[in-house]
A.B. asks: 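Please find one structure pasted underneath; my questions will follow.
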Protein chains: 2
Amino acid sequence: MEITIGLVEDHSEFRQSLVFLISSFTDYQVVWSLGSVKEALDNQDPVDVILLDINLPDISGIEALPLFRKKNPEQKIVMLTIQDDEESILNAIKAGADGYILKKTSPQKILEAIRQVYEGGAALTPMVAKQVLAMFTPPKAKADTHSSLTPRETEILDLITQGITTVMIAEKLFISPQTVRNHIKNIYEKLQVHSKSQAVAKALKERIV
Amino acid sequence: MEITIGLVEDHSEFRQSLVFLISSFTDYQVVWSLGSVKEALDNQDPVDVILLDINLPDISGIEALPLFRKKNPEQKIVMLTIQDDEESILNAIKAGADGYILKKTSPQKILEAIRQVYEGGAALTPMVAKQVLAMFTPPKAKADTHSSLTPRETEILDLITQGITTVMIAEKLFISPQTVRNHIKNIYEKLQVHSKSQAVAKALKERIV
DNA sequence: CCTAAAATAACCCAAACGGGCTATTGTAAC
DNA sequence: GTTACAATAGCCCGTTTGGGTTATTTTAGG
């Protein structure tokens, strides 16, 4: 069975070589290949798999993902990009990408990835998979960074992340609100933040509490 | 460069055929292959990659993972199992597995996975990768609960969780700080909170952002 | 025994915050 | 065409916050 492919990639040279490459295999057929999301969204035939760059002129690949999904939900979408930062990967995943492979990936692996998503799986370049898995493991290296927090400080930070006010914390711990404020100030200094909201964000994201 | 491999698998038939298979390739060498975690932990030479079953007689592969890590942190560990439920996958990932492949995977793919983790990446069978990615996409039931937030409000809440100050948000969005404050007030009302820190806590815990 | 660190508490002050209220504009729905 | 809502923006006012500084008591470690 032949897999039909759509390609959105602004770098025309890379795009053409990719088309040439994929088309040289009998089981794969590039139905359309375009340089912008806009062109792709306007009147393009549905395909089995879309290869989508992230860094694009008009609309980024991440923003485009839900748009393609809306137009044709059963189309599989694989990000094909040079971006290998956690931010991009996470955004793509949250947007519902079926795959995330890097441009430096060998042609065979790209074709393999296409087949994998076509068959209902997901495809991740090893380096991307590594980063995805890392998102699950609590970064205990960072725990060290903040082990500088004293038990009392940790306790108070915990209460802050529960949204309890300074005064209520004081009451709960049977100490003066002023003391709570002092602890909070020390926490700020150690965490390098300047407000409660920043502290909460950091605490929750880095799993200090 | 030859990759050394350790194998923990209680089903002796499958184990032996796997040893035979892997050893038939010059770049891979099975240094030891055993039927239980206990044997493997007692006096076994360090290898580059351990293939670890989950369903084992004495200690499960998941429980064994940190033990192997402790003995020899630089050893890569790939789960090789029939378990494809979310529970098992999530536990293995949290325990720090470098790969997760299913036993039905073709021999070539297994060898490929070994090489991928050996080279510092992570290896996931497409069906497993699919489940992992699915863990990120928020069960939209929750999204509905907070769909009361307008796009602008969501945007601002997102920026708040990044620890950005009101004034900086205003600058970033090219609107007046006062408008930002108004949006924030509306967010408070909808989320039933009374401060930025509470909003951040709620947003992060309930994955609104 | 003495020193270091932690926990406690107070003061000042400018800036920010939270809550309340009103108002205009644009857009989408009925 | 008017009703509804989102986004914009302003004002007031009292409270809280963040940043700076100082000081006492207790606990732990050398």
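Remember, it's a predicted structure, so these values are computed and weren't measured experimentally. Labels below follow one simple rule: chain letters A, B, ... track the order of the sequence lines, proteins then strands, and each chain is numbered from 1.
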A.B. asks: Could you pick out which residue, B:Pro177 or B:Glu153, lies toward the 5' side of DNA chain D when each is mapped onto its nearest nucleotide?
C.D. replies: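 This one resolves to B:Glu153.
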A.B. asks: Is there a side-chain polar atom (N or O) of B:Thr179 under 4.0 Å from OP1 or OP2 of D:dT8?
C.D. replies: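 So the side chain of B:Thr179 is outside the cut-off, no N or O lying under 4.0 Å from OP1 or OP2 of D:dT8.
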A.B. asks: State, to the nearest 10°, the angle formed by the axis through the first five base pairs of the helix from C:dT3-D:dA28 to C:dC30-D:dG1 and the axis through its last five.
C.D. replies: 60°
A.B. asks: Holding to side chain to side chain contact (heavy atoms under 4.5 Å, CB included), I want the full list of residues that pass it with A:Ser88, two or more places apart in sequence or in another chain.
C.D. replies: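 For A:Ser88, the residues satisfying side chain to side chain contact (heavy atoms under 4.5 Å, CB included) (neighbours in sequence not counted) are A:Ile54, A:Gln83, A:Asp85, A:Tyr100.
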A.B. asks: Does B:Ser176 make a side-chain N or O approach to OP1 or OP2 of D:dG10 shorter than 4.0 Å?
C.D. replies: yes
A.B. asks: Report the distance from atom CD1 of A:Ile187 to atom P of C:dA7, rounded to the nearest whole Å.
C.D. replies: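 Rounded to the whole Å, the gap is 10 Å.
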A.B. asks: Figure out the CG/C1' separation between B:Leu149 and D:dC5, and round it to whole Å.
C.D. replies: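 The distance from CG of B:Leu149 to C1' of D:dC5 comes to 15 Å, rounded to the nearest Å.
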A.B. asks: N/O contacts under 3.5 Å, protein versus nucleotides 16-26 of chain C?
C.D. replies:
unit_1	atom_1	unit_2	atom_2	d
C:dC17	OP1	B:Lys196	NZ	2.8
C:dC17	OP2	B:Thr166	OG1	3.2
C:dG18	OP1	B:Tyr188	OH	3.2
C:dG18	OP1	B:Lys196	N	3.0
C:dG18	OP2	B:Tyr188	OH	2.9
C:dG19	OP1	B:His194	ND1	3.1
C:dG19	N7	B:Lys185	NZ	3.0
C:dG19	O6	B:Lys185	NZ	3.3
C:dG20	O6	B:Lys185	NZ	2.6

A.B. asks: Sequence neighbours left out, what passes side-chain hydrogen bond (donor to acceptor under 3.5 Å, both in side chains) with A:Thr179? Give chain and number order.
C.D. replies: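 Listed in chain order: nothing, the list is empty.
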A.B. asks: Give a yes or no on whether B:Glu2 atom CD has more than 12 heavy-atom contacts from other residues, nucleotides or ligands under 6.0 Å away.
C.D. replies: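 Count over threshold, so yes.
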A.B. asks: Would you confirm whether the ring centroid of B:Tyr118 sits within less than 6.0 angstrom of the ring centroid of B:Tyr28?
C.D. replies: no
A.B. asks: Tell me: CD of B:Glu189 to C1' of D:dC5, nearest whole Å?
C.D. replies: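 B:Glu189 atom CD is separated from D:dC5 atom C1' by 14 Å.
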A.B. asks: B:Thr165: which residues meet the side-chain hydrogen bond (donor to acceptor under 3.5 Å, both in side chains) condition with it, sequence neighbours left out?
C.D. replies: none
A.B. asks: In whole angstrom, what separates A:Leu173's CG from C:dA6's C1'?
C.D. replies: 15 Å
A.B. asks: For A:Asn186 and C:dT8, give me the distance from atom CG to atom P, rounded to whole Å.
C.D. replies: 11 Å
A.B. asks: Mind calculating the distance between CD1 (A:Ile156) and C1' (D:dG18) to the nearest angstrom?
C.D. replies: 16 Å
A.B. asks: Atom CD1 of A:Ile169 and atom P of D:dT16: how far apart are they, to the nearest Å?
C.D. replies: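 So the two atoms are 14 Å apart, to the nearest Å.
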A.B. asks: Round to a whole Å and report the spacing from CD1 of A:Ile175 to P of C:dA10.
C.D. replies: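 Computing the A:Ile175:CD1 to C:dA10:P distance gives 11 Å.
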A.B. asks: Sequence neighbours left out, what passes salt bridge (Lys or Arg N to Asp or Glu O under 4.0 Å) with A:Asp27? Give chain and number order.
C.D. replies: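 With neighbours one apart ignored, the set is A:Arg115.
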A.B. asks: What pairs with B:Gln162 under side chain to side chain contact (heavy atoms under 4.5 Å, CB included), at least two apart in sequence or on another chain?
C.D. replies: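 So B:Gln162 forms a side chain to side chain contact (heavy atoms under 4.5 Å, CB included) with A:Lys205, B:Asp158, B:Leu159, B:Ile164.
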A.B. asks: Which residues pass the salt bridge (Lys or Arg N to Asp or Glu O under 4.0 Å) test with A:Glu171, not counting sequence neighbours?
C.D. replies: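 Partners of A:Glu171 by the salt bridge (Lys or Arg N to Asp or Glu O under 4.0 Å) criterion come out as none, since no residue qualifies.
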A.B. asks: Could you list the residues that satisfy side chain to side chain contact (heavy atoms under 4.5 Å, CB included) with B:Ser33, not counting sequence neighbours?
C.D. replies: B:Leu7, B:Arg15, B:Val19, B:Val30
